[in-house]
Amino acid sequence: SLIMTESNEFVPTLSLYSIDQSALLKRCRTLIEKFISLYNSPPDFIARAPGRVNLIGEHIDYAGLGVLPMAINNDVIIAVNFSNKKGTNVRLSNILDEKYEQRCWDFEGKDKIVEIIVEDGVSEWSNYFKCGYKGILRHLGIDNPVGMDCLVDGIVPIGAGLSSSSSFVCCAALATSLANNAILTKKQITEISIECE
């Protein structure tokens with residue numbers, strides 16, 4: 001299905017049959033195959049968020065100042081199944097499962113949502129997903145979110161100034177909102193992602 005308005009304010013959702021980029025289509029098919037082998041069911045959807053390059057204004061957007069960003073083809077995609085889940089458990093896996101171990105957690109109530117532990121010198125990959133997850137649930141005031149099985153594939157180079165963490169957080173926020181049947185505008189997704197990152 002495609003969710004759009006005349007002003008194109010909503011994030012479009014695409015069918016695999018409408019993807020015209022052969023490399024992205026191949027990655028989506030590989031993601032679906034790996035998802036089925038991991039979780040024994042197909043995903044309900046795949047969320048996608050591109051990396052970006054700031055043509056003007058690197059790292060000043062966090063202070064509310066203007067930037068001129070441009071989306072790039074490198075992206076993060078997340079396959080999600082929520083229709084076969086009971087409870088509020090989230091299972092998060094990465095296509096690079098030898099490098100990034102599977103993480104699981106349960107919704108911890110409307111006030112806490114999920115614990116995000118940050119340790120000096122440790123970059124815990126699941127924290128980026130948790131930021132988007134927590135930000136959306138807090139924004140929407142959801143007190144009984146759906147459980148989700150998720151599989152991540154990202155090709156935005158880490159530490160290259162192409163916003164790999166932002167694309168991951170944004171994709172997680174988008175995936176969480178779609179799974180919980182919340183249709184948000186591009187602006188809302190962007191603002192929530194900036195705040196929760």
Side-chain angles (χ1 to χ4, degrees), residues 1-4 10-51 71 73-107 113-114 124-137 140 142 144-156 164-186 188-189 192-193:
S1 66
L2 185 61
I3 304 167
M4 296 181 72
F10 293 98
V11 177
T13 58
L14 306 171
S15 161
L16 281 182
Y17 303 107
S18 68
I19 297 174
D20 59 0
Q21 299 174 19
S22 62
L24 178 58
L25 182 58
K26 183 179 178 184
R27 281 180 54 228
C28 287
R29 288 185 174 144
T30 300
L31 190 70
I32 291 168
E33 290 172 13
K34 174 92 174 181
F35 190 98
I36 292 169
S37 72
L38 187 63
Y39 296 122
N40 298 316
S41 63
D44 292 312
F45 64 86
I46 297 174
R48 177 184 178 269
N73 286 335
N74 294 34
D75 59 14
V76 172
I77 55 177
I78 303 175
V80 179
N81 180 294
F82 63 92
S83 61
N84 291 337
K85 294 284 289 181
K86 293 183 179 170
T88 61
N89 179 262
V90 176
R91 291 190 294 180
L92 179 66
S93 299
N94 194 299
I95 204 98
L96 301 175
D97 54 1
E98 291 181 13
K99 185 174 181 181
Y100 303 105
E101 293 181 20
Q102 184 182 74
R103 300 293 188 233
C104 302
W105 66 87
D106 287 304
F107 177 71
I113 300 175
V114 65
E124 171 54 46
W125 78 279
S126 65
N127 283 346
Y128 297 101
F129 187 96
K130 288 177 180 179
C131 284
Y133 172 83
K134 187 172 188 171
I136 286 294
L137 296 182
L140 296 173
I142 294 175
N144 191 25
V146 299
M148 299 187 295
D149 288 334
C150 304
L151 180 60
V152 177
D153 180 22
I155 60 168
V156 182
S164 58
S165 60
S166 295
S167 61
F168 191 8
V169 170
C170 188
C171 198
L174 180 59
T176 303
S177 68
L178 290 172
N180 285 280
N181 202 29
I183 307 300
L184 301 174
T185 66
K186 291 177 186 178
Q188 288 172 312
I189 290 284
I192 293 166
S193 297

| Atom pair CG (Asn89) and CZ (Phe107), whose distance is rounded to the nearest 0.5 Å | 13.0 Å
| task | Not counting sequence neighbours, which residues clear side chain to side chain contact (heavy atoms under 4.5 Å, CB included) with Cys131? List them please. | result | Ile116, Val169
| query | Are the side chain of Asp75 and the backbone N or O of Arg48 linked by a donor-acceptor pair below 3.5 Å? | reply | no
| request: Please round to the nearest 0.5 Å and tell me the distance separating atom CG of Leu174 and atom CD1 of Ile189. | output: 5.0 Å
| For the atom pair CG (Leu31) and CD1 (Ile46), what is the distance rounded to the nearest 0.5 Å? | 5.0 Å
| note | Output for pair (Ile113 CD1, Thr88 OG1), nearest 0.5 Å, gives 11.5 Å
| field | Minimum heavy-atom distance between Pro43 and Ile32, given as atom pair plus value | value | CG-CG1, 4.0 Å
| field | All salt bridge (charged side-chain N to carboxylate O under 4.0 Å, His left out) counterparts of Lys130, not counting sequence neighbours | value | none
| query | Taking Asp44 for the side chain and Ser83 for the main chain, is one N or O donor matched with an acceptor at less than 3.5 Å? | reply | yes
| Plane angle bin for Trp125 and Phe168 - parallel if under 30°, tilted between 30 and 60°, otherwise perpendicular | parallel
| query | Glu33 side chain to Thr30 main-chain N or O, any donor-acceptor pair under 3.5 Å? | reply | no
| request: Please report the shortest heavy-atom distance between Asn180 and Pro145, naming the atom on each side. | output: OD1-CA, 3.3 Å
| message | Using the rule given for side-chain contact (heavy atoms from CB on, under 4.5 Å), can you reason through Leu184 versus Leu140, listing the C-alpha separation, both sets of side-chain angles and the distance that settles it, and then say yes or no? | response | CA-CA 10 Å; Leu184 301 174; Leu140 296 173; 4.0 Å; yes
| task | Applying salt bridge (charged side-chain N to carboxylate O under 4.0 Å, His left out), name anything that partners Glu124, two or more places apart in sequence or on another chain. | result | Arg103
Contacts table for residues 94-102: side-chain donor-acceptor under 3.5 angstrom, sequence neighbours left out:
residue, atom, partner, partner atom, Å
Asn94, OD1, Leu96, N, 2.8
Asp97, OD2, Lys34, NZ, 3.0
Gln102, NE2, Ser93, OG, 2.8

| task | Apply side-chain contact (heavy atoms from CB on, under 4.5 Å) to the pair Tyr133 and Tyr128, showing each step before the final yes or no. | result | CA-CA 9 Å; Tyr133 172 83; Tyr128 297 101; over 6 Å; no
| task | Decide side-chain contact (heavy atoms from CB on, under 4.5 Å) for Ile77 and Leu24; before the verdict, give the C-alpha distance in whole Å, the side-chain angles of both, and the deciding distance to 0.1 Å. | result | CA-CA 9 Å; Ile77 55 177; Leu24 178 58; 4.2 Å; yes
| Distance in Å, Ile78 CD1 paired with Cys171 SG, rounded so as to fall on 0.5 Å steps | 3.5 Å
| message | Applying the side-chain contact (heavy atoms from CB on, under 4.5 Å) criterion to Leu178, which one of Val80, Ile136, Ile183 satisfies it? | response | Ile183
| note | OG of Ser177 to CG of Leu137, rounded to nearest 0.5 Å, is 9.5 Å
| task | Could you tell me which non-hydrogen atom of Ala49 sits nearest to which non-hydrogen atom of Ser167, and how far apart they are? | result | CB-O, 3.4 Å
| remark: Scanning both residues in full, the closest heavy-atom pair of Met148 with Ala175 reads SD-O, 4.3 Å
| field | salt bridge (charged side-chain N to carboxylate O under 4.0 Å, His left out) pairs, two or more places apart, involving residues 76-86 | value | Lys85-Asp149
| message | For Phe35, give me all partners under ring-ring contact (aromatic ring centres under 6.0 Å, His included), at least two apart in sequence or on another chain. | response | Tyr39
